[in-house]
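Being a predicted model, the structure only gives us computed values, none of them experimental.
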Amino acid sequence: MFKRLFGWLLVVLFAGSGVGIWVAKFLPVQQVVRPYLRTLERHRVLEGLEGYHHQTSEHYDLYYTDTDANVTTLILETAERVWAPVSAEMRSAPHGRVSLILYPSRDDLRKAFGWGQSESALGVYWQGTIRLLSPNVWLDGMKDQHDVEEFARLNPVAHELTHYILDERTGGNYPRWFTEALAQQVEERVTGYVWLEPTSRISQDLYEYEELNLTFQTLSNQPLAYRQSYLFLRWLAERNGEQAVEQMIQGLAHGDSFPEAFASTYGRPPERLFSEWQEWALANAPLLDEPRAE
């Protein structure tokens, strides 16, 4: 409790100090405060883990229960394999060690976030930690080498590590659709995995830009929201080059709003280019909806 109160006091003092005022002239308040809040939240979560053990590798701290002792080496080895390629794609590596928390059941993961029974995930990045659902759950107990190979192909570490680095670089200065698009793009390049579902086909009514930008997490068809975001960013990269994405991230890191950083990079507002992408995507929907197109 003392650590938490002391941490909050540091945030308040920093925000009210001359240094805080000076920095705030150049960065949004969110970017000034978020790193401290992220650190506090990480400490709060780790201190609240009961019955968890701790294992380390070169870059990671893994927290797990007895139930998952059989997969700790696999998870850490897999996480280490994606560290360098994800960092290269993001032009930056995480500062310090990354905390991985392995939940032994879907209910435990849901409880950690206050989710309902309809919600689930294999991995989540949140406020300085990466949360993982045990592969003992979603691969039916890791029974043989096939399960190990499936974990290497489907594990979400590369995806969540991308979220981690983007959040660290920009102080959270981005919309949800963009971080999900970028994480899918990096994940594909590092692991080869592309998320396709029957409900994510492009040959249907698509979401408008404002829907993705303002209400991404509450949209009823999440596979479609993810798919549209991913394809829009891929289309931008193919038109303007990969360096343009990095240029936009640098603008966000320097405190530009997302519309400002986007327009500065691509020459037009995001909603304008999104409309162009929609026309292109609908014209090419049969190809985009085929797995072999990836």
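Counting only N and O atoms by type, the side chains of W280 and Q278 include no donor and acceptor under 3.5 Å apart. If you check the side chains of Q184 and H159, you find no donor sitting under 3.5 Å from an acceptor. When only modelled atom types and interatomic distance are considered, S92 and R169 share no side-chain donor-acceptor pair under 3.5 Å. A donor-acceptor contact closer than 3.5 angstrom links the side chains of R131 and Y103. A donor atom on one side chain and an acceptor atom on the other are not found under 3.5 Å apart for T56 and D61. A donor-acceptor contact under 3.5 angstrom links the side chains of D167 and Y125, judged on distance only. Counted by atom type alone, Y230 and E188 present one or more donor-acceptor pairs between their side chains at under 3.5 Å.
Salt-bridge check for E180 with R176: passed, with a basic side-chain N closer than 4.0 Å to an acidic carboxylate O. Ion pairing between K111 and D108 fails under the 4.0 Å rule for side-chain N and carboxylate O. One finds a salt bridge joining E276 and R268 here, because a Lys/Arg side-chain nitrogen approaches an Asp/Glu carboxylate oxygen to under 4.0 Å.
Stacking of R81 on the aromatic ring of W83 is not recorded, the 6.0 Å distance cut-off and the 45° axial limit not both being met.
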- Task: Apply salt bridge (Lys or Arg N to Asp or Glu O under 4.0 Å) to R189 and E242, showing your working.
- Result: CA-CA 13 Å; R189 291 174 180 166; E242 296 299 333; 2.4 Å; yes
- Message: Determine whether T78 and N155 satisfy the following criterion, side chain to side chain donor-acceptor pair (under 3.5 Å), listing intermediate values before the conclusion.
- Response: CA-CA 8 Å; T78 301; N155 81 89; 5.2 Å; no
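Aromatic ring centres of Y226 and W177 lie farther apart than the 6.0 Å criterion allows. Aromatic pair Y64/Y52: centroids not less than 6.0 angstrom apart. For Y209 and W277, the ring centers are positioned 6.0 Å apart or more.
Using a 4.5 Å heavy-atom cutoff, the side chains of S120 and R110 are in contact. F216 is listed as a side-chain neighbour of S229, based on a closest heavy-atom distance under 4.5 Å.
Aromatic ring pairs are classed by plane angle as parallel below 30°, tilted from 30° to 60° and perpendicular above 60°; the pair F113 and W115 is parallel.
Minimum heavy-atom separation, E187 to A158: CA-CB, 4.5 Å.
Note that the NE2 atom of H53 and the CG atom of D68 stand 10.0 Å from one another [nearest 0.5 Å]. Rounded to the nearest 0.5 angstrom, Q228 CD and L233 CG are separated by 13.5 Å. One distance of note links CG of L109 with CG of L132; it measures 9.0 Å at 0.5 Å rounding.
When the side-chain hydrogen bond (donor to acceptor under 3.5 Å, both in side chains) test is applied to E41, the partners found at least two apart in sequence or on another chain are R44. Not counting sequence neighbours, Y174 has no partner by the ring-ring contact (aromatic ring centres under 6.0 Å, His included) test.
N221 places a side-chain N or O within 3.5 Å of a backbone atom of L224 that can act as its donor or acceptor partner. With hydrogens and angles disregarded, no donor-acceptor distance shorter than 3.5 Å links the side chain of Q55 to the backbone of Y63. With R97 contributing its side chain and S57 its backbone, the two residues share a donor-acceptor pair below 3.5 Å.
Between S87 and the options I165, T162, V82, a side chain to side chain contact (heavy atoms under 4.5 Å, CB included) holds for only I165.
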